[in-house]
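Structure provided below as structure tokens; questions to follow.
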Amino acid sequence: MESPSEAVRWAREQAPIFFSPKLNYWVVTRYQTIKDIFRDNHTFSPSIALESYAPPSAEVTAILKSYGYALNRTMVNEDEPVHMARRRVLMAPFTPEHLENDIPMVRRLVTEAVDAFIDAGQVDLFKALCWDVPFTVALHFLGIDNDEDRERMHEFCVAHTKTQFGRPTEEERIEVAHQVGKFWQLSGQILDKMRRTPDGPGWMRYSIRQQKDHPEAVTDSYLQSMMPAIIVAAHESTSFATANAIRLLLEHRDAWDDLCEDPALISPAVEECLRHNGPIGCWRRRATRDVEIEGVQVPAESKILMVVHSANHDERHFGDPDFFDIRRDNTIEHLSFGFGAHQCLGKNIGRMEMQVILGELTRRLPHLRLMPQKYEYLLNAAFRGPQNLWVQWDPAQNPERRDPSIVTRYQEIRLGGPLASAVVRKLKVDSADPVAPGIVRIRLSSPKNETLPHWTPGSHIDVECGDTGLSRQYSLCSDLDHPDQWEIAVLHDPQSRGGSRWIHRYARPGAILRIRGPRNHFRMEKKGGGRLLLIAGGIGITPIMAMAQAAQAKGLDYALHYSCHTRTQAAFLAELQRRHGDRLHLHVSDEGTRCDLAQLLARPDPATRIYACGPQRLLDVLEHTVEQVGWTADALHVEHFANGNPKLDPAHEKAFEIELPGAGLVLQVPADKTVLEVLHANNVDVQSDCEEGLCGTCEVGVLAGEIDHRDSVLNPRERKVGDRMMACCSRARSGRLTLDL
Ligand code: HEM
Ligand code: FES
């Protein structure tokens with residue numbers, strides 16, 4: 001329970017799939033394998049998701065029968081095509097548009113819960129906040145009156161988790177069977193009441209209303225089974241997720257302090273908590289046919305246990321996976337909500353509750369500390385989280401005693417995955433030295449002496465330019481032998497809209513800058529061998545010099561071509577000459593040694609990779625030459641820092657469809673919306689940052705359809721291949737695009 005990923009570390013490394021005779025399950029532990037299993041819900045049926053690990057004894061079966069208990073398929077364990085037909089007609093209340101209305105209710109509940117203990121100085125947060133609030137929110141969302149038998153429902157949740165996902169003894173099973181039976185009857189009564197008031201609030205009544213139009217998708221058996229199942233789904237997952245998150249943050253004080261200082265970080269922090277210390281230990285599927293997984297033959301009807309917590313700690317997918325980093329760039333790809341057609345429908349409710357709770361605690365109790373304690377768990381394979389979370393604080397230091405307005409100074413809630421643009425790091429300018437006319441080299445460090453994440457050649461950071469509303473991207477160009485030191489070089493561009501001017505004026509030693517990233521969309525391929533042709537124009541030398549250093553360190557065959565107008569304008573020249581000797585080719589226009597690209601690229605070589613950064617006209621000539629001469633599609637990699645394509649103009653756009661086979665959806669993209677906006681409005685997580693086709697964050701795979709590319713990330717050859725697009729700006733040429741989502 002403490003760390004499933006640690007328990008199966010050996011398996012992740014040595015036996016990514018193995019059969020456990022004790023469990024009678026095949027156990028899988030790696031990220032990609034688990035994601036692929038989630039994705040293919042035809043080969044891997046979810047039918048056993050809620051099944052007990054051991055079949056009930058005759059006595060238990062008889063007890064359950066005496067209550068008329070008949071838990072059947074709900075949604076999470078339903079197969080296609082029934083599942084998707086049902087999910088489609090019931091999903092609207094889960095979308096951000098609808099959830100917006102629930103935020104004030106969640107805030108009120110959390111504020112009231114915290115009011116009750118704010119002066120106590122010590123509390124078990126699990127009992128006082130994490131267990132109760134998500135439970136009440138779940139009841140509210142479902143439309144269940146607050147005066148129903150809450151105690152019985154609480155007991156049921158625990159009983160259900162113990163029987164379905166744990167290993168209770170026979171005596172426990174008998175006791176639990178009575179609780180499960182009683183709750184089955186209670187939920188039947190609640191449902192009957194709802195049927196008499198179908199126009200009332202909540203998702204269950206919405207389902208009852210939808211039954212009228214879609215009786216084949218929303219059956220009686222489904223409604224009766226869903227009622228108890230959804231209370232558990234909505235309640236325990238969120239309660240444990242919240243408790244895990246608070247504990248993890250308080251164990252990493254720097255991260256907690258960062259949230260207290262900058263509430264915009266709460267949404268990204270929630271996501272990293274869900275990855276690092278998520279509430280789902282394992283989830284299950286059944287193989288519907290003989291299938292090969294990780295090179296092992298798995299027969300039809302095999303049961304599969306996916307250790308989701310292990311996937312979230314797989315270093316093949318998450319760099320330095322045990323490191324807790326609230327600014328991690330691919331955190332959103334965790335599997336705590338599952339993936340594909342069955343991905344958690346309530347994920348944005350869970351995220352919203354966690355944000356409201358963390359916002360309230362960091363605002364009103366920033367001085368909260370964990371007390372020494374032994375964490376108790378409800379032993380089971382699915383839902384993991386502590387059942388106690390003792391914290392203490394000095395009430396005299398409560399900020400609201402000095403400023404009562406703090407209580408209602410709520411942070412903004414993000415409905416959906418975190419925005420990459422919210423992940424801001426405040427860094428101090430250590431030095432700002434001129435390295436050529438109009439170019440300053442800026443060294444950045446953490447003002448709290450925290451270690452900065454390591455970066456790789458081609459990475460850039462975004463610098464926010466004060467309150468100008470502008471932000472600018474700069475490649476990291478420091479010495480790779482010290483990857484935790486960050487340096488950028490900024491050219492004062494007289495044509496600029498003010499970004500570089502701002503940086504030259506304000507980024508002085510001691511200044512604090514707001515930085516996002518690093519992100520890398522200009523990666524060097526991992527394949528070893530071959531030759532590298534590195535081409536830089538002017539300030540475009542910054543990512544290229546890091547690549548040259550990496551090539552040298554790996555002993556690769558490389559040539560570095562550096563173009564500039566005059567020798568004095570060539571930043572870092574002495575350094576480059578010293579390091580790279582005759583591998584450096586300097587081309588100086590006013591000395592008549594301009595780079596002859598046609599000659600340089602005259603002979604296409606399949607073993608050579610070209611990486612280039614510089615002014616747009618240099619890149620245009622390069623792209624044109626490479627195409628004309630016949631280099632292979634993947635030979636050229638370029639980095640752009642401006643997108644010349646105009647913004648969306650609804651008057652001139654056409655509507656089209658996007659199909660998402662993984663999620664089983666077909667969505668309309670109207671003329672005045674981007675693909676990204678439509679995906680977000682329908683609860684599909686795709687990260688974004690610049691939202692103008694520059695950064696590559698929102699890239700999605702395209703399986704079919706003709707793309708109208710509007711970004712500056714992909715090169716002409718990548719566009720021609722047509723297997724990916726930037727969702728924030730690119731559109732369809734044909735009527736439909738099929739996305740790999
Ligand atoms: C942090 C909180 C939560 C976590 C970690 C979580 C996790 C999960 C997981 C792992 C699944 C199974 C996915 C699969 O089989 O691919 C799931 C399904 C589901 N969850 Fe959640 N859940 C959370 C909160 C909620 C809430 C608050 C609700 C409802 C109000 C909810 C409703 C559902 C439903 C209806 C499904 C079934 C979806 C389907 O099969 O189509 N969940 N959840
Ligand atoms: S969000 Fe930056 S390219 Fe789409």
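We're numbering straight along the sequence, starting at 1. Numbering of ligands and ligand atoms starts at 1, following listing order. Note that the structure is a prediction, hence the values are computed from the model and not measured.
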Between Glu353 and ligand 1, is there a nitrogen or oxygen pair with a distance under 3.5 Å?
->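 It does not: no N or O of Glu353 is found under 3.5 Å from an N or O of ligand 1.
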Salt bridge flag under 4.0 Å for residues Arg719 and Glu623 = no
Sort by chain and number the protein N/O/S atoms that are closer than 2.8 Å to atom 2 (Fe) of ligand 2, and list them.
->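 Counting only protein N, O or S atoms under 2.8 Å from atom 2 (Fe) of ligand 2, the list reads Cys690 SG, Cys695 SG.
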Per atom 4 (C) of ligand 1, closest listed option by heavy atom (Pro134, Ser237, Gly340) = Ser237
How close does the nearest protein non-hydrogen atom get to atom 32 (C) of ligand 1, and which residue and atom is it?
->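 For atom 32 (C) of ligand 1, the nearest protein heavy atom is Gly346 N, 3.7 Å.
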Within a radius of less than 6.0 Å around NE2 of His154, do more than 12 heavy atoms belonging to other residues, nucleotides or ligands occur?
-> yes
Can you tell me the protein heavy atom closest to atom 36 (C) of ligand 1 and the distance?
-> Leu345 N, 4.0 Å
Taking atom types as modelled and ignoring hydrogens, do the side chains of Glu677 and His680 form a donor-acceptor contact shorter than 3.5 angstrom?
->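 The criterion, which ignores hydrogens and geometry beyond distance, is not satisfied for His680 and Glu677.
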Should you measure from each heavy atom of Gly338, which atoms of ligand 1 turn up under 4.0 Å away?
->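 In order of numbering, the contacting atoms are 10 (C), 13 (C), 16 (O).
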In this structure, atom 2 (C) of ligand 1 is nearest to the protein heavy atom Thr238 OG1, 3.6 Å
Taking atom CD of Glu80 as the centre, report whether more than 12 heavy atoms of other residues, nucleotides or ligands fall under 6.0 Å from it.
->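 Yes, because the 6.0 Å sphere around CD of Glu80 holds more than 12 heavy atoms from other groups.
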Is there a heavy atom in His235 that sits closer than 4.0 Å to ligand 1?
->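 Contact absent.
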Are the side chains of Gln355 and Gln411 in touch, meaning some heavy atoms are under 4.5 Å apart?
-> yes
Within-shell test, Pro279 vs ligand 1, heavy atom, strictly < 4.0 Å | yes
His83 side chain near Asp79 side chain, heavy-atom distance below 4.5 Å |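 The answer is no, as the side chains (C-beta and beyond) never meet within the 4.5 Å cut-off.
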Atom indices of ligand 1 within 4.0 angstrom of Arg87 heavy atoms, with elements | 38 (C), 39 (C), 41 (O)
May I ask you to list the atoms of ligand 1 that are less than 4.0 angstrom from any heavy atom of Ala241?
-> 1 (C)
Quick one: which ligand 1 atoms are inside 4.0 Å of a heavy atom on Ala233?
-> 24 (C), 25 (C), 42 (N)
Look at atom 20 (N) of ligand 1 and say which protein heavy atom is nearest, naming residue and atom and giving the distance to 0.1 Å.
-> Cys344 SG, 3.2 Å
Judged by modelled atom types alone, do Asn277 and Arg384 share a side-chain donor-acceptor pair under 3.5 Å?
->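 Side-chain D/A pair, Asn277 to Arg384: present.
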Short list, please: which atoms of ligand 1 are under 4.0 Å from a heavy atom of Phe339?
-> 16 (O)
Is it the case that Asn244 and Arg247 place a side-chain donor and acceptor less than 3.5 Å from each other?
-> no
Using distance alone, decide if ligand 1 has a nitrogen or oxygen within less than 3.5 Å of any nitrogen or oxygen in His83.
->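 His83 vs ligand 1: N/O contact under 3.5 Å present.
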Please state which part of Ile230 comes within less than 4.0 Å of ligand 1, counting heavy atoms only: side chain, backbone, both or neither.
->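 Contact part for Ile230 vs ligand 1: side chain (C-beta onward).
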Mind telling me whether Phe94 and Phe141 have parallel, tilted or perpendicular rings, with 30° and 60° as the class edges?
->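 Phe141 and Phe94: tilted rings.
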Are Ser471 and Arg514 linked by a side-chain donor-acceptor pair shorter than 3.5 Å?
-> no
Check: Trp131 and Gln387 side chains under 4.5 Å, non-hydrogen atoms |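 No, side chains not in contact.
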Residue and atom name of the nearest protein heavy atom (relative to atom 37 (C) of ligand 1), distance in Å to one decimal | Val76 CB, 3.8 Å
So is Ala138 close enough to ligand 1, meaning a heavy atom under 4.0 angstrom away?
-> no
Interfacing atoms of ligand 1 (cut-off 4.0 Å, heavy-atom, Phe94) |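 Result: 29 (C), 30 (C).
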Per-atom contacts of ligand 1 with Met75, taking only distances under 4.0 Å to non-hydrogen atoms =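 So the answer, numbered in order with elements, is 39 (C), 40 (O), 41 (O).
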Determine whether the side chain, the backbone, both or neither of Ser336 has a heavy atom under 4.0 Å from any heavy atom of ligand 1.
->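 The answer is the backbone of Ser336.
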Short list, please: which atoms of ligand 1 are under 4.0 Å from a heavy atom of Arg285?
-> 14 (C), 15 (O), 16 (O)
Which residue and non-hydrogen atom of the protein lie closest to atom 40 (O) of ligand 1, and at what distance in Å?
->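 Answer for atom 40 (O) of ligand 1: His342 ND1, 2.7 Å.
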Identify the closest protein heavy atom to atom 12 (C) of ligand 1: which residue and atom is it, and at what distance?
->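 Residue, atom and distance for the closest contact: Trp283 NE1, 3.6 Å.
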Check each of Ala229, Ala49, Ala234 against atom 26 (C) of ligand 1 and report the one with the nearest heavy atom.
-> Ala234
